[in-house]
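Working notes, beginning with the structure itself.
Excluded from the calculations below are hydrogen atoms, water molecules and symmetry mates; all remaining heavy atoms, backbone and side chain alike, are included. Each chain gets a letter, A, B and so on, in the order its sequence line appears, and its residues count up from 1.
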Amino acid sequence: MSSDSVRVRFAPSPTGYLHVGGARTALYNWLFARHCGGKFILRIEDTDRTRYVPDSLPDLMAGLRWLGLYWDEGPEVGGDYGPYFQSDRLPFYQKYCDQLVAEGKAYRCYCTPERLDAMREEQRVNKQPPGYDRHCRFLTQKQIAEYEAEGCPWVVRLAIPTKGATEYDDLFRGHITVDNQQLDDLVLLKSDGFPTYHLANVIDDHLMGITHIMRGDEWLASVPKHVLLYQAFGWQVPVQAHLPTILDPSGKGKLSKRKKRIPGEPEMLTYVHEFKEAGYLPEALFNFLALVGWSYDGQTEYFNQSRLVEVFDLERVNKSPAAFSYEKLDHMNAEYIRSLGMNDLAGRMLQELLANGIKADLATVLDLEPLVRERMRTLKDLVPLVDTFFVDELDYDPQLLIGKKMDRESTLNMLAQAKACLSEVELFEEETIEEALRNQASVLDMGAGKFFAPIRVAVTGKTVSPPMFGTLKILGKERSLARLDAAYEKLSQS
RNA sequence: GCCGCAUUCGUCUAGGGGUCUAGGACAUCGCCCUCUCAAGGCGAAGAUCGGGGGUUCGAAUCCCCCAUGCGGUACCA
C-alpha cells in the first residue's frame, strides 16, 4: 500500500468526556497518520440517542486539541467524506441495510423486547449460551405479511452463516479464527431507524476510505461480525489493529471511566480535562500516553511530538495490557516542567496563578521561576509554593518559629539578630543576603541551618519553602524586615 | 457457561534459540550535595522470564497442556 493513501479515524461516541484510554487510541491513530503522511479523521458516532451527553462533544474536541491531535477531516473542519456525524448519515445506513435485506443477507426481526428478555431468561435458567434464537430469520411470507399489517416495530438483523468459521488478521494479535456458531444474528438497524455501532461503523469506514482500523481491545471480539458484514457487502476489510487495554494502577482492572475513590488513595484521574486541570502539561501527557503500549528501544523514553511522529512504528505496539502509572506520569511531567524555557514556564505559571485568583505580574513570575521550577511535579504545585509572596499578612502558628532544640527566648533573640543583620544589607541581593546571614550565624556560633529555620518561617509562614535567600530578595528588604517584626510580635505574644 | 486475547523486577518495558549469571525507566532504600523541600550525583535491592510438559547440543525466546487475568457474549458504543 502506498503510504500516502493511509486514512485512519478516531470515532468516539458523545456519551462521555474524553478518557485517557480514548486519548491514547486517538494518539496512536494520529501518530500513525502523521508518520505515513496520511489522514487523521474524526468521526462522531452518535447513534445511541439514549446515552447522548450534550457537552461531551466540546470536551472531546477540546481534549484532542489540547493534546495537539488536530484532525484533517471531521467536525468544524469538514472534508470530502462527510457528514462526519453518524446521525447525519442515516440515509446511507438505511440504503445499505435495505440492500442486504433484499439480497437475503439480513432480515427484519419483529421480536419484542419482552420476548427477547423471556428468551434470555430461559437460556439462563437452562444454562444455555445466550443469543438470539433466530425466531424471525425463518418466518414465512405469510407471517411477515401479518407482522407488517399489524404495524409491528422491527429491527434488521444480519443473517450469520450457520456453518464455517470467520478468519481475519489483526496487525497486533495475528491470525484469529472464530467459529460462526459463536456468532449471534446481530442487530444492524434499530427500531428507531438508527444503525447500531456495527453497521454504521462498517459502512462509514468503507465510505470514508479508512485503510486501518486502530481501536481499543474491547472491539476485538466483534471483528468477526464486522468481517461478515464487509463480506456481505462485498467490500474489502480494512487492516484491523486492536490496542491493548489500559489497566488501572493496580493492574487488576480496566482503567474505569468512572472515578474510583479508594479511601486514603489519591484521586484517580481518568478524563483528559482532569489532567489539564490537575496541572499536567499536554506535551508530557502526550509523551506518556505514547508509551502506554508502545516502546521505542526500551531505553529512550522522552520524545517530543515531532520526534514521536518520526519514530512511531506500529510494529512496536505491545499486545499485552498495561497498567497506568500515575507515578511515572508525575515524574515525566516534572521532567517536562524543568525542561521548559524560561519564558515558556513563566507564562504557564502566570496563567496558573491568575486562574487561582492571584494577581501576579510577569516580572514577578520571572523572578519566582528559578526558585520553583525544580519543585513542581505539576503546575498545581505552584500556588502553595509561592502564595506567601502575594499576601500582606502571614497566618501561621508562632510555635513553628521555634526550631528543634530551641526555645521561645532563643528564637526571639534569633529573630532580632536576623532583623538587625538584614537591616545592614544595602544591596538586597541573594549573594549579599546570604553572606550577611551566614556571617551572623557564625558570629552567634550557630549552625547556619539552625539560624535560618526561624527566618524561613517568619518570612514564608512555612517550615518548607523555596530557597530562602531568593525568597528574601524577591520579597524585598522592606517586606522582609516587616515579616521578621511580625514574627517577633507573634511569638512574644504567644 | 461459551468464545477470544494476554502472561519478563511492585509498575512500564528491552528481549524475537547461544552475546541474558536478563538491560533501561518509575517507585523503594542507602550515601553524597545542601538553608528547608526539591532537583542532581553515586550506589543497592528487586524477575529461577505464570506453572508443567516437550523440540533442541542449547529456550525468556519455538510447540502443546494447565492456571490466572482481561475482554466479548445488548435494539451500548
Side-chain angles (χ1 to χ4, degrees), chain A residues 11-16 45-48 50-51 109 111 113 116 120 123-124 127-132 153-157 170 172-174 176-179 181-184 186-192 194-198 200-201 216-224 242 244-245 247 249-254 288 291-302 316 318-332 334-335 338 372-377 381 385 403 434 437-438 441 447-453 455-457 460 462-469 471:
Chain A
S13 63
T15 53
E45 308 218 328
D46 54 347
T47 56
D48 185 350
T50 60
R51 294 203 308 156
C109 167
C111 291
L116 294 175
R120 286 194 194 98
Q123 288 167 339
R124 196 182 61 78
K127 301 203 166 148
Q128 291 169 328
Y132 180 56
W154 45 266
V155 302
V156 173
R157 288 182 185 271
D170 186 275
F172 305 141
R173 313 304 172 90
I176 296 172
T177 305
V178 175
D179 198 320
Q181 307 251 25
Q182 295 301 325
L183 272 20
D184 215 9
L186 67 154
V187 173
L188 262 23
L189 205 62
K190 303 184 235 181
S191 55
D192 63 2
F194 274 64
T196 58
Y197 171 82
H198 306 290
N201 197 261
D217 177 70
E218 67 271 22
W219 295 108
L220 189 60
S222 46
V223 177
H242 288 82
T245 318
L247 271 17
S250 71
K252 294 226 170 72
K254 202 173 162 180
F288 177 78
L291 259 16
V292 181
W294 175 87
S295 69
Y296 176 60
D297 57 4
Q299 272 341 304
T300 321
E301 298 194 301
Y302 287 85
R316 294 196 60 91
N318 261 237
K319 50 187 169 184
S320 49
F324 191 97
S325 170
Y326 290 91
E327 284 175 337
K328 191 146 186 173
L329 205 214
D330 280 353
H331 180 265
M332 187 168 266
E335 196 80 48
R338 274 179 248 128
V372 298
R373 80 182 297 142
E374 282 169 2
R375 273 161 259 261
M376 292 185 283
R377 283 173 4 270
D381 292 331
L385 240 23
E434 176 163 6
L437 253 18
R438 283 192 189 281
K450 197 171 237 183
F451 182 51
F452 297 160
I455 306 174
R456 177 187 312 283
V457 175
T460 64
K462 299 171 184 181
T463 53
V464 172
S465 80
M468 197 177 72
F469 309 119
T471 299

Please work out if [X] contacts a base, only the sugar-phosphate, or nothing of the nucleic acid, heavy-atom cut-off 4.0 Å.
X        : value
A:Arg338 : sugar-phosphate
A:Asp330 : nothing
A:Lys127 : nothing
A:Pro321 : sugar-phosphate
A:Pro12  : nothing
A:Thr300 : nothing
A:Arg377 : nothing
A:Arg51  : base
A:Ser320 : sugar-phosphate
A:Val155 : base
A:Pro153 : nothing
A:Pro224 : nothing
A:Gly293 : sugar-phosphate
A:Ala323 : sugar-phosphate

[N] phosphate, OP1 or OP2: any side-chain N/O from [X] under 4.0 angstrom?
X        : N      : answer
A:Ser295 : B:rA14 : yes
A:Asn318 : B:rA14 : yes
A:Arg157 : B:rC75 : yes
A:Lys462 : B:rC35 : no
A:Lys190 : B:rC76 : yes

Between [atom2] of [N] and [atom1] of [X], the distance in whole Å:
X        : N      : atom1 : atom2 : value
A:His198 : B:rU73 : NE2   : P     : 7 Å
A:Arg124 : B:rU73 : CZ    : P     : 18 Å
A:Lys328 : B:rU28 : NZ    : C1'   : 15 Å
A:Glu434 : B:rU34 : CD    : C1'   : 11 Å
A:Glu374 : B:rC33 : CD    : C1'   : 13 Å
A:Glu335 : B:rC26 : CD    : P     : 8 Å
A:Glu301 : B:rG23 : CD    : C1'   : 13 Å
A:Leu291 : B:rG24 : CG    : C1'   : 12 Å

Suppose we define a pair by two distances each less than 3.5 Å, Watson-Crick or G-U wobble; what does [N] pair with here?
N      : value
B:rC2  : B:rG72
B:rU7  : B:rA67
B:rU21 : none

[M] and [N], which share atom name [atom1], separated by this distance in whole Å:
N      : M      : atom1 : answer
B:rA60 : B:rG17 : P     : 13 Å
B:rG46 : B:rA22 : P     : 11 Å
B:rC65 : B:rU55 : C1'   : 15 Å
B:rU68 : B:rG40 : P     : 43 Å
B:rC37 : B:rG43 : P     : 24 Å
B:rG1  : B:rA25 : C1'   : 42 Å
B:rC62 : B:rG16 : P     : 11 Å
B:rG52 : B:rC20 : C1'   : 23 Å

A:Lys328 NZ to A:Glu335 CD distance, which is reported to the nearest 0.5 Å:
11.5 Å

Expected output: side-chain A:Arg316 to main-chain A:Tyr296 donor-acceptor under 3.5 Å:
yes

Counting distance only, does the side-chain N/O of A:Asp217 pair as donor-acceptor with the main-chain N or O of A:Thr245 below 3.5 Å?
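Side chain of A:Asp217 to backbone of A:Thr245: no pair is present.
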
For a 4.5 angstrom cut-off between non-hydrogen side-chain atoms, does [X] reach [Y]?
X        : Y        : answer
A:Ile455 : A:Leu437 : yes
A:Met332 : A:Tyr302 : yes
A:Pro467 : A:Glu374 : no
A:Thr196 : A:Lys190 : yes

Decide if the gap between the ring center of A:Phe469 and the ring center of A:Phe452 is smaller than 6.0 angstrom.
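Under 6.0 Å, so yes.
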
Using the rule given for side-chain contact (heavy atoms from CB on, under 4.5 Å), can you reason through A:Val223 versus A:Ile176, listing the C-alpha separation, both sets of side-chain angles and the distance that settles it, and then say yes or no?
CA-CA 10 Å; A:Val223 177; A:Ile176 296 172; over 6 Å; no

Please determine, for the side chain of [X], which listed nucleotide ([options]) has the closest atom?
X        : options                : answer
A:Thr196 : B:rC75, B:rG24, B:rG4  : B:rC75
A:Gln182 : B:rA77, B:rA6, B:rC2   : B:rC2
A:Arg120 : B:rA77, B:rA74, B:rC35 : B:rA74
A:Gln299 : B:rG23, B:rA6, B:rC5   : B:rG23
A:Pro130 : B:rU73, B:rU13, B:rC3  : B:rU73

B:rC75 base to A:Ser191 side chain: any donor-acceptor pair below 3.5 Å?
yes

Is the base of B:rC35 touched by the side chain of A:Arg456 through a donor-acceptor pair closer than 3.5 angstrom?
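Counting by modelled atom types and ignoring angles, a donor-acceptor contact under 3.5 Å is found here.
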
When the nearest nucleotide of RNA chain B is assigned to A:Phe172 and to A:Phe469 on a heavy-atom basis, which residue is associated with the more 5' position?
A:Phe172

Start at the 5' end of RNA chain B and walk down; is the nucleotide closest to A:Ile176 or to A:His331 reached first?
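By nearest-heavy-atom nucleotide position, the 5'-most residue is A:Ile176.
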
